[in-house]
Amino acid sequence: MAIATAEIKKETKKVPLRGMMDNVMEQFDSAADQINLHPNIRKILSITNNEIIVNFPVKMDNGEVEIFTGYRVQHNNALGPYKGGLRYHPTVDIDAARALAMWMTWKTSLAGLPYGGGKGGIKLDPSKYSQAELERITRRFTFALADNIGPEHDIPAPDVNTNSQTMAWMADTYMSTRPPAERTANQHVVTGKPAGSGGLEGRDRATGYGVYLSIKFWSEKNNKPLDGKKFIVQGFGNVGYWAAYFLEKDGAKMVAVQDAFGSIQNQKGISVEDLFNYVQLNDGSIADYPKAKPVLDKDKFFTLNCDICIPAALGNQITKENAPRIKARLIAEGANGPTNVEGEKILLERGITIIPDILCNSGGVVGSYFEWLQNRNGELWQLDEVMAKLDKKLKESFDKVYDYAKRESLDMRTAAYCLAIERIERAYIQRGIFP
Ligand code: GLU
């Protein structure tokens, strides 16, 4: 009885909003317990190696100077150089950068890449700045990061609100600030560049393609053909669009979409290409798309009727508030950290499968690895080769996680974490701790 009273008290107390870091640490802790992770290695992996915060001035179009704050968190490099994206968003802060950097460590380890994990970005709303201002912001940020990034040290990539153009500016700035003879040898300081400037054919679609493949692999294993299945997508950016594009090709039907500007649905289906073309002409927004109805209450989005739900925007979207009412039987995490621990618990109790971010969206960083190899070796790969290599790599990762989860009776996230952490643990045990 006493316990029950205490619990009720705890429930009614106003709980502060949980940060992303709470989420990733709880996920890490439960996997670490599961595999009996060595306590020393647990200590190392529980904190970040380096945290770089830079404040830098940029001249705006009106002649005024604005100061921006940029972050780069380097979580771990036991398996290779730090790797991970840079996002431009008002929610970027040290907590978000730490959590996202940790997720990258698990993601690259699980994918079997020779990388560690890092992440960062700038706290800003890019829609408030002109293209010329964004270019100067990006170049000045790159300059401020200086030797904290580097092609064999820490390799940024696109993330939320950054793209191949951002990476082209970064690569150009970094290369331009090297001695002349070293410039081209530094092209792989960032990945996700435009195909004409050292970028990889297919890197644009790699993340969304990976999301689609994970859904396809799961559907094959569970005898649930994609043809006729309904899916909803949160975020119609690079990841959401390409995932939807490939799912539609396999006969699945997109029935609802949400972005930063609005939510729409049409249970008869929304054409992916038609919506994409509309968005290009509508300042990047899905709002007021004429061939679907608006969903007026944006909090109801995840509870709409569908078989598959793809959160492909920001973190902490599926929570205890909406998890009890979600209709989808499969959640494929295109975003990083879209489901928080409380939301996940409810989904698992309801028998809903989650393909976790560190597996589901790993096509992006696998594509980045291919780009990095291509630059390092002075090669140019063709699209069909890239797609075939992605397929093979993602199938291997998917099977590993799926089999581990079945064998150990775990959910797929815990299984993915166990595999990722075990690989890093092995590296530490082999090498020992300096000195
Ligand atoms: N930003 C992407 C991610 O979260 C890609 C990272 C990369 O390619 O380094 O996985």
Side-chain angles (χ1 to χ4, degrees), residues 20 24 71-77 79-89 91-92 96-122 149-164 166-167 170-171 188-194 198-200 202-211 213-214 235 237-240 242-243 311-315 332-338 355-376 386 389-390 393-394 397 416 420:
M20 291 222 256
V24 66
Y71 301 84
R72 185 68 181 174
V73 171
Q74 299 168 336
H75 171 245
N76 188 274
N77 62 348
L79 299 176
Y82 303 104
K83 185 84 193 82
L86 290 173
R87 64 173 58 178
Y88 289 180
H89 198 272
T91 58
V92 171
R98 280 181 187 141
L100 290 159
M102 271 197 180
W103 273 314
M104 285 309 305
T105 302
W106 318 141
K107 197 185 298 184
T108 53
S109 173
L110 178 67
L113 304 179
Y115 289 142
K119 197 72 153 224
I122 308 176
I149 57 170
E152 313 284 332
H153 170 52
D154 183 354
I155 308 133
D159 198 79
V160 175
N161 290 337
T162 53
N163 54 27
S164 59
T166 325
M167 294 305 118
M170 286 196 75
H188 52 310
V189 63
V190 291
T191 56
K193 300 178 292 290
L200 180 82
R203 173 63 184 84
D204 55 351
R205 70 205 65 188
T207 315
Y209 183 62
V211 172
L213 282 180
S214 329
N238 192 43
V239 181
W242 282 109
L314 295 171
E333 295 185 333
N336 292 309
I355 308 177
D357 44 11
I358 60 168
L359 171 66
C360 191
N361 70 35
S362 64
V365 73
V366 172
S368 279
Y369 170 58
F370 295 159
E371 179 172 329
W372 187 75
L373 284 180
Q374 182 191 259
N375 295 159
R376 247 182 152 203
V386 171
K389 283 190 186 354
L390 260 175
K393 203 100 185 73
L394 293 173
S397 299

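Computation of the quantities below employed the complete heavy-atom set of this structure, encompassing side-chain atoms and omitting hydrogens, waters and symmetry-equivalent molecules. Indexing begins at 1, ligand by ligand and atom by atom, following the structure's order. Along the sequence shown, the residues carry numbers beginning at 1.
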Inset, instruction - Could you tell me whether His153 and Tyr82 have their ring centroids closer than 6.0 angstrom? - result: yes

Inset, instruction - Going by the ring-ring contact (aromatic ring centres under 6.0 Å, His included) test, name the single residue among Trp106, Tyr115, Trp103 that passes it with His75. - result: Trp106

Inset, instruction - Would you mind running through ligand 1 and noting each atom that sits below 4.0 Å from a heavy atom of Met104? - result: 3 (C), 4 (O), 6 (C), 10 (O)

Inset, instruction - First locate atom CG of Leu314, then atom CZ of Arg87, and finally report the distance between them rounded to the nearest 0.5 Å. - result: 6.0 Å

Inset, instruction - Return the residue, atom name and 0.1 Å-rounded distance of the protein heavy atom closest to atom 9 (O) of ligand 1. - result: Lys83 NZ, 2.8 Å

Inset, instruction - Could you tell me which non-hydrogen atom of Gly84 sits nearest to which non-hydrogen atom of Lys119, and how far apart they are? - result: C-CD, 4.3 Å

Inset, instruction - Please confirm whether the backbone N or O of Leu100 pairs with a side-chain atom of Asn336, one donor and one acceptor, at under 3.5 Å? - result: no

Legend entry - Per-residue contact class, Pro158 against ligand 1 - non-hydrogen pairs under 4.0 Å: backbone

Legend entry - Min N/O separation Ala157 to ligand 1 under 3.5 Å: no

Inset, instruction - Tell me which protein heavy atom sits closest to atom 5 (C) of ligand 1, plus the residue, atom name and distance to 0.1 Å. - result: Arg203 NH2, 3.6 Å

Inset, instruction - Indicate the atoms forming the closest heavy-atom contact of Ala157 with Thr162, along with that distance. - result: O-OG1, 4.5 Å

Inset, instruction - Distance to 0.1 Å, residue and atom name: give those for the protein heavy atom nearest to atom 1 (N) of ligand 1. - result: Asp159 OD1, 2.7 Å

Legend entry - For atom 6 (C) of ligand 1, the option (of Ala335, Ser362, Gly85) bearing the nearest heavy atom: Gly85

Legend entry - Atom indices of ligand 1 within 4.0 angstrom of Lys119 heavy atoms, with elements: 1 (N), 3 (C), 4 (O)

Legend entry - Non-hydrogen atoms of Lys83 and Met104 that approach each other most closely: O-CB, 3.5 Å

Legend entry - Contact atoms of ligand 1, heavy-atom distance to Lys107 under 4.0 Å: 3 (C), 4 (O), 10 (O)

Inset, instruction - Compare every heavy atom of Ala97 with every heavy atom of Gly120, then report the nearest pair and how far apart it is. - result: CA-CB, 4.4 Å

Legend entry - Structural part of Asn336 in contact with ligand 1, heavy atom criterion under 4.0 angstrom: side chain

Inset, instruction - May I ask you to list the atoms of ligand 1 that are less than 4.0 angstrom from any heavy atom of Ser368? - result: 7 (C), 8 (O), 9 (O)

